Amino acid sequence: MGCCFSVQYSADDQTLIRIYNFLYGIINRNSPEVEEMPTHPTVGQEEMLEKAWNRLMEVGVGFMGLHGMGGVGKTTLFKKINNKFTENAGRFDIVIWVVVSQGAKMSKLQDDIAQKLHLCDEVWKNKNESDKATDIYRVLNGKRFVLMLDDIWEKVDLEAIGVPFPTRENGCKVAFTTRSRDVCGSMEDHEPMEVECLEWNKAWELFQKKVGDKTLSPDIVEQAKKVAKKCCGLPLALNVIGETMSAKTTVEEWNHAVNVLTRSAAEFFNMDNKILPILKFSYDSLVDKHIQLCFLYCALFPEDYKISKEKLIDYWICEGFIGEDDQDIKDAINQGYVELGTLIRANLVMEVNRDKVVMHDVVREMALWIASDLGKQRETFIVQARVGLSRIPKVKDWGAVRRMSLMNNDIEEITCTSKCSELTTLFLQNNYNLKNLSGEFIRSMQKLVVLDLSGNRRLNKLPEQISELASLQFLGLSSTDIEKLPVGFQELEKLTHLDLTDSRRLCSISGISKLSSLRILKLMYSNVDGDVSLLKELQLLEHLQVLTVNICTELGLKQLSYDQRLANCTTGLRIYGFQQKLFDISLLASMKNLSLLKVENSQVLEINTDIKCRESETNFSDLQNPTRPCFTNLSWVRISGCNGIKDLTWVLFAPNLVILSIDYSDDVEEIINKEKSTTLTDIPPFQKLEILYLQCLPKLESIYWSPLPFQVLGHIKVIDCPNLRKFPLNAASVPRLEEFVIEMYPREQKTELEWEDEDTKNRFLPSSFKLVTISLNLFCFSYFMFFSSLSFFHVRY
């Protein structure tokens with residue numbers, strides 16, 4: 001059925017155009033105007049497409065953001081979403097697709113939208129932005145529209161452009177793609193969807209498609225898989241490298257490709273003009289030079305290396321990327337977490353967990369490419385980490401080297417006599433056979449700021465020339481076997497960060513008080529105890545702000561806690577070898593920044609929870625009110641090998657506890673005692689607990705007497721606790737069940753558990769259970785490696 005009509009009207013051409021546009025809108029009102037976008041067949045996006053479409057179509061969803069790293073396939077997915085509107089006629093009047101891109105001006109966005117609304121004419125071209133916004137608003141107001149904004153880099157001001165704000169009532173939608181999660185928040189989507197790299201099976205399927213079956217002969221397949229794995233699931237890399245290799249039909253050509261991608265991927269054909277420049281837009285969008293330097297620094301670590309957030313920020317501070325010389329270290333550390341969060345939300349680094357981040361391999365190659373001046377100055381930024389080196393690499397011009405990472409190799413000695421006069425950063429950690437470091441090599445590095453030698457167990461001495469490094473600020477010696485600090489060590493006037501964690505043969509750091517600039521000193525698990533003489537030296541370090549230390553006597557603990565400045569500096573404390581009937585927990589109350597506490601191999605019959613303020617102190621007000629927490633910064637507690645203790649009710653004073661580990665303590669019967677807790681505090685326990693670890697506790701019967709919500713708990717591990725028959729859980733506990741795991745050994749204990757009710761049992765059994773089947777000896781070794789290493793721990797303020 002159709003209709004015809006005519007209109008006789010005397011008007012100028014512009015008026016006729018407007019009449020046409022009006023009538024065009026009426027005629028096409030019931031068939032949405034959608035410009036179908038050309039797309040190519042994809043692999044692995046079907047599930048994400050369905051999720052994104054369903055989310056966008058939800059009633060009440062006005063904004064939907066898709067974020068992800070460059071080259072991950074956001075635009076391709078977005079085009080497919082756009083094209084689905086052609087299959088769903090009637091729901092919307094018009095779908096508008098606009099490519100925004102970096103640096104786009106508002107007038108350009110208005111023109112693109114006006115083009116789709118048939119507003120562009122000679123009059124339009126002469127209008128200002130305000131009048132254009134009025135015209136766009138007049139046309140869109142009252143319509144059900146979808147605005148698709150591809151590749152936005154900052155907030156798009158819809159009001160200024162003239163786009164009505166999407167509401168539940170008008171049913172309009174604004175969808176967008178971006179590389180930055182921050183942009184999603186600024187665009188009103190606080191639960192954006194991340195477009196991730198392809199899993200291996202889909203990545204290999206895509207790569208095979210691009211290379212072609214004729215090229216992938218049986219003798220090439222294994223090498224082809226190695227090449228594909230170098231792309232780490234990034235569709236852009238899989239497409240470009242796959243197309244490049246599609247004509248390579250010999251094993252030798254594929255072997256060469258593997259070698260180039262392993263040695264320096266930026267040298268691979270088309271990498272520097274079709275892949276890296278596209279990724280570089282994300283780097284260019286970072287707001288200032290300092291955060292760009294923070295990003296490039298992440299490339300010093302090996303491929304797929306899980307980087308400690310705490311240590312990374314320590315490096316950044318010493319390098320001068322963040323913080324000022326006179327700035328409080330807490331503020332600098334907080335700033336570091338802000339910068340790291342920016343990099344994570346920009347999809348330039350990926351968060352592994354609360355303690356670690358990792359770089360995508362292709363993004364890492366982009367960072368190395370940028371750091372070497374787009375490949376023009378390769379020797380300024382030398383990274384050969386975890387590549388199996390047994391000796392220091394050959395370098396044509398040592399004078400050009402600025403940063404060098406040779407970590408995680410098999411280098412035995414460094415006898416190089418070349419002058420590294422411009423070197424500022426040297427990573428040599430985890431060269432397990434390294435035992436000799438040339439003094440001449442060290443002496444030439446007068447601009448060296450960061451030297452990390454940690455993890456070199458065969459290194460038992462340092463060259464005396466290290467005391468000549470006038471610019472050195474960071475020295476990492478954790479997990480080495482050095483027996484003493486070199487002669488003249490006190491001459492390191494600029495040294496601010498000294499890490500001696502787990503240096504088990506180091507018995508003395510006498511003279512440490514002469515390091516006048518020292519701000520961070522880490523001694524936990526070293527062979528240096530915080531005795532009276534050491535504490536007297538530490539009192540002379542007037543700039544000290546962070547201290548981790550071992551204490552083995554009550555006298556030492558009292559001296560530490562009574563010195564308010566040292567107590568404030570203490571962020572990590574290991575107490576061991578205590579032999580006393582009553583341990584006074586109030587001795588720790590002065591340590592307001594204490595974040596890590598380990599009590600090991602001690603005989604303590606009871607922990608005193610009668611915490612009261614000492615009359616001589618005026619800053620213990622929290623302790624005068626037992627309902628208020630005392631240890632607000634304490635996030636990790638480990639109790640190991642402590643006999644005599646029956647309960648740990650005192651942890652109620654640590655409301656921000658994240659990790660609680662109790663092991664090899666024969667007399668522990670319950671974690672929280674009901675009678676004691678009622679007199680201490682009314683604050684519910686374990687509100688922020690993420691990990692609960694219990695091992696070899698033969699008398700343990702109870703964690704808590706009633707169910708707890710456990711809002712963020714992710715992991716309970718129970719090994720050899722035969723009398724623990726019930727967890728404090730009910731059907732409402734652990735809201736994020738999909739991320740929750742219970743591990744138990746022996747496996748029979750799972751069937752003996754008691755549950756609050758049938759609903760609780762059905763919720764947690766068997767979906768949350770993971771049985772520990774590895775051998776106990778292997779587990780104990782892994783457990784020791786985990787809990788003896790501070791690299792898994794960071795301090796937040």
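No experiment lies behind these values; they were computed from the predicted model shown.
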Please walk me through it: do L588 and I575 pass side chain to side chain contact (heavy atoms under 4.5 Å, CB included)? CA-CA 11 Å; L588 309 182; I575 298 171; 4.3 Å; yes
Side chains of Q559 and D563: donor-acceptor distance under 3.5 Å anywhere? no
Note: E339 and I322 closest approach over all heavy atoms is CG-CG2, 3.9 Å
Going through the checks in order, is the side chain to side chain contact (heavy atoms under 4.5 Å, CB included) test met by K592 and N568? CA-CA 6 Å; K592 64 179 183 180; N568 287 344; 3.6 Å; yes
Measuring only between side-chain heavy atoms, which start at C-beta, is I482 closer than 4.5 Å to L500? yes
Look at the side chain of K280 and the backbone N and O of M366, then say whether any donor-acceptor pair between them is shorter than 3.5 Å. no
So for atom CZ, which belongs to R263, do other residues, nucleotides or ligands contribute more than 12 heavy atoms lying within a distance under 6.0 Å? yes
Any chance you could measure I512, atom CD1, to F489, atom CZ, to the nearest 0.5 Å? 6.0 Å
Would R638 and D663 pass as an ion pair if we require N to O under 4.0 Å? yes
Side-chain H-bond candidate by donor/acceptor type, S590 with S561, under 3.5 Å: no
Does a side-chain heavy-atom distance below 4.5 Å link D314 with D499? no
Are more than 12 heavy atoms from other residues, nucleotides or ligands located less than 6.0 Å from atom CD of E324? no
Looking only at non-hydrogen atoms, find the nearest pair between L544 and R565 and report the distance. O-NH1, 3.7 Å
Would you say the side chain of E422 lies within less than 4.5 Å of the side chain of K447, judging by non-hydrogen atoms? yes
Is Q490 reaching over with its side chain to a backbone N or O of K514, donor-acceptor style, under 3.5 angstrom? no
Less than 4.5 Å apart, any side-chain heavy atom of V383 and any of F301? no
Passes side chain to side chain contact (heavy atoms under 4.5 Å, CB included), I344 versus V349? Steps please. CA-CA 5 Å; I344 291 168; V349 297; 3.6 Å; yes
With the threshold set at 4.0 Å, does a side-chain nitrogen-carboxylate oxygen contact exist between E351 and K309? yes
Would you check if P486 and L462 make a side-chain contact, meaning some heavy-atom pair closer than 4.5 Å? yes
Are the charged groups of R574 and E600 less than 4.0 angstrom apart, N to O? yes
Heavy-atom count check: over 12 atoms from other residues, nucleotides or ligands less than 6.0 Å from E493 CD? no
To the nearest 0.5 Å, what is the distance between CG on L547 and CG on L541? 9.0 Å
For L296 and F381, which heavy atoms make the closest approach, and how far apart are they? O-CZ, 3.6 Å
Quick one, T425 with R402, criterion side chain to side chain donor-acceptor pair (under 3.5 Å). Give me CA distance, side-chain angles, the key distance, then yes/no. CA-CA 7 Å; T425 308; R402 300 294 188 276; over 6 Å; no
Can any side-chain N or O of N409 pair as donor or acceptor with the backbone N or O of V387 at less than 3.5 Å? yes
Taking the six-membered ring for Trp, are F295 and Y283 parallel (under 30°), tilted (30 to 60°) or perpendicular (over 60°)? tilted
For S503, does its backbone N or O pair with a side-chain atom of N527 as donor and acceptor, under 3.5 Å? no
Measuring from L506:CG to T501:OG1, what's the distance to the nearest 0.5 Å? 11.0 Å
Residues R386, E303: salt bridge by 4.0 Å N-O rule: no
Any sub-3.5 Å donor-acceptor pair from S602's side-chain atoms to F578's backbone N or O? yes
Does S586 use its side chain to pair, donor to acceptor, with the backbone of A589 at less than 3.5 Å? no
Would Q335 and D331 count as a side chain to side chain donor-acceptor pair (under 3.5 Å) here? Give the steps. CA-CA 6 Å; Q335 184 186 347; D331 295 335; over 6 Å; no
Would you say the side-chain atoms of D529 pair up with the backbone N or O of D531, donor to acceptor, closer than 3.5 Å? no
Got M407 and P302 here, is their nearest side-chain heavy-atom distance under 4.5 Å? yes
What is the distance from atom CG of L597 to atom OG1 of T571, rounded to the nearest 0.5 Å? 12.0 Å
Got a donor-acceptor contact below 3.5 angstrom from the N431 side chain to the L406 backbone? yes
I317 side chain reached by I329 side chain, heavy atoms, under 4.5 Å: yes
Tell me the closest heavy-atom pair linking L523 and S526, and the distance in Å. O-OG, 2.6 Å
Inter-residue atom distance S471.OG - L495.CG, 0.5 Å rounding: 11.5 Å
Counting only heavy atoms not in R391, do more than 12 sit closer than 6.0 Å to its CZ atom? no
State, yes or no, whether a side-chain contact exists between S479 and S454 at a heavy-atom distance under 4.5 Å. no
After noting the C-alpha distance and the side-chain angles of S595 and S635, does the key distance pass the side chain to side chain donor-acceptor pair (under 3.5 Å) rule? CA-CA 5 Å; S595 191; S635 61; 3.1 Å; yes
Which atom names give the shortest non-hydrogen contact between M524 and G572, and what distance separates them? SD-C, 3.6 Å
Backbone N or O of S372 within a donor-acceptor pair of the R378 side chain at under 3.5 Å? no
Looking at CG of L426 and CG of L437, how far apart are the two atoms once the value is rounded to the nearest 0.5 Å? 8.0 Å
Looking at every heavy atom in both C318 and T496, which two are closest together, and how far apart are they? SG-OG1, 3.6 Å
Hey, what's the ring geometry for Y315 with F427, parallel, tilted or perpendicular (30° and 60° as the breaks)? tilted
Check this for me: does any side-chain nitrogen of one of D502 and R457 sit under 4.0 Å from a carboxylate oxygen of the other? yes
Assess the residue pair Q465 and E440 against the criterion (side chain to side chain contact (heavy atoms under 4.5 Å, CB included)); give the C-alpha distance rounded to whole Å, side-chain angles, the decisive distance to 0.1 Å, and a yes or no. CA-CA 7 Å; Q465 289 85 348; E440 290 303 311; 4.3 Å; yes
Going by the side-chain hydrogen bond (donor to acceptor under 3.5 Å, both in side chains) test, name the single residue among H290, R403, Q473 that passes it with E319. R403
Are any side-chain N or O atoms of N456 and backbone N or O atoms of T480, one a donor and one an acceptor, separated by less than 3.5 Å? no
